[in-house]
Amino acid sequence: MPTCLLCKKDVTSGYAVCGDCAENMKPGTMQPALYGFAAWLGADLARDHASAPCYMCELQKSDACLDPALCRQGITAWLRAKADKFLETSGYDGILGQLKTVCPFPEAFEDMDDADGPGKGHPRRKIGHIRADYDNYRWWNTAWPCHQELTTPSITAEIDRTYTALTAYDALRDLNALRQFCWSHPEAGVGSGLSDEFNFYLEGETCDFWVRLITREKDYNLYLNAYAKAANGREE
């Protein structure tokens, strides 16, 4: 029985692809379907003389504009260049490259404190969260503590470092950067269809983080939830 090349589990269903096709499906490369769609859309726009977007094409206002084939090629090249630029900026380094879309510490959410009644408590290992929004100028935030007895100076320092790194210029510097990062990870979207909320996870040194990102305007856009490591959590 074949095994998955990534997780090594047995493969009992699905499709097999050759090495060349698998290479084209790697993150950061344009898939053949998208490459072909750009050509189709370029041709379609070129035929629609009522709204032909000449500003896209480097050949604008030249004699080449009179050639429908060159018009199609110019628009297609612009579309592909834009897609390539998006893919280039979707390969994230730094703290964004460390974020995961599948939670590696689900036990942090399973052990609940029901001191206020069933379903009303918080996870026992939750230290607190930072809630932030972007006002088209800068990030504003407030801190909301939970189980403060879990906090140590090293944990506080790591939470501050993590928030600073997330909102740095080379990360989620503004709402547009946050949206582009979220949209490049559709698998992190909450619910089905087009999502405006995304969940990411980060394993830290002294604590773990659930990073909730919201792309809506006039809303809180970033929630940084911190949870004590299992070894640091409260014992019953």
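What you are looking at is a predicted structure, and each value in this text was computed from that prediction instead of being measured. Throughout, residue positions are numbered sequentially from 1 according to the sequence presented.
- Side-chain atoms of Y201 and D208 include no donor-acceptor pair closer than 3.5 Å.
- Between Y227 and F105, the ring planes lie tilted relative to each other; the angle falls in the 30° to 60° range.
- Salt bridge R179/E217: present, at least one basic N to carboxylate O contact under 4.0 Å.
- Side-chain atoms of D133 and W139 include no donor-acceptor pair closer than 3.5 Å.
- Between Y223 and I214, the closest side-chain pair of non-hydrogen atoms falls below 4.5 Å.
- Contact check for D113 versus P123: no side-chain heavy atoms found under the 4.5 Å cut-off.
- A salt bridge between K229 and E205 is absent, with no side-chain N of the basic residue lying under 4.0 Å from a carboxylate O of the acidic one.
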Take L99 and V211 through the test side chain to side chain contact (heavy atoms under 4.5 Å, CB included) and record every step on the way to the result. CA-CA 8 Å; L99 297 182; V211 183; 4.2 Å; yes

Let me see the working for W183 and F198 under side chain to side chain contact (heavy atoms under 4.5 Å, CB included), right down to the final yes or no. CA-CA 9 Å; W183 293 340; F198 298 78; 4.0 Å; yes

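- Shown are N141, L166, T162; of these, the side-chain contact (heavy atoms from CB on, under 4.5 Å) with I130 is made only by N141.
- With values rounded to the nearest 0.5 angstrom, R124 atom CZ is found 5.0 Å from D111 atom CG.
- A distance of 9.0 Å separates CG of N221 from CZ of R216, quoted to the nearest 0.5 Å.
- Within the 4.5 Å cutoff, side-chain heavy atoms of L222 are placed close to those of T167.
- Side chain of R125 to backbone of A228: a donor-acceptor contact under 3.5 angstrom is found.
- Proximity of the aromatic rings of F209 and F200 is defined here by a centroid distance below 6.0 angstrom, and this criterion is not met.
- Two residues are said to be in side-chain contact when any heavy atoms from C-beta on lie closer than 4.5 Å; R131 and L224 fail this criterion.
- The shortest distance between side-chain heavy atoms of Q98 and E203 does not fall below 4.5 Å.
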Given W210 and F109, is the ring-ring contact (aromatic ring centres under 6.0 Å, His included) satisfied, shown in steps? CA-CA 10 Å; W210 166 30; F109 302 95; 5.8 Å; yes

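- Using a 4.5 Å cut-off on side-chain heavy atoms (C-beta onward), T215 and L175 make no contact.
- The shortest side-chain heavy-atom distance between K126 and N225 falls under the 4.5 Å cut-off.
- To the nearest 0.5 Å, atom CD1 of residue I95 and atom CG of residue D170 are 9.5 Å apart.
- Note that CZ of R212 and CG of N199 are 7.5 Å apart. Values are rounded to the nearest 0.5 Å.
- Side-chain contact check for C207 versus I159: some heavy-atom pair is nearer than 4.5 Å.
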Could you please spell out the steps behind the side chain to side chain contact (heavy atoms under 4.5 Å, CB included) verdict for T152 and T206? CA-CA 9 Å; T152 65; T206 63; 5.6 Å; no

In sequence, state the C-alpha distance, the side-chain angles, and the governing distance for H129 and C146, and then conclude on side chain to side chain contact (heavy atoms under 4.5 Å, CB included). CA-CA 8 Å; H129 69 270; C146 188; over 6 Å; no

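- For the pair A171 and A177, the tightest heavy-atom approach, listed with the atom from each and the gap, is O-CB, 3.7 Å.
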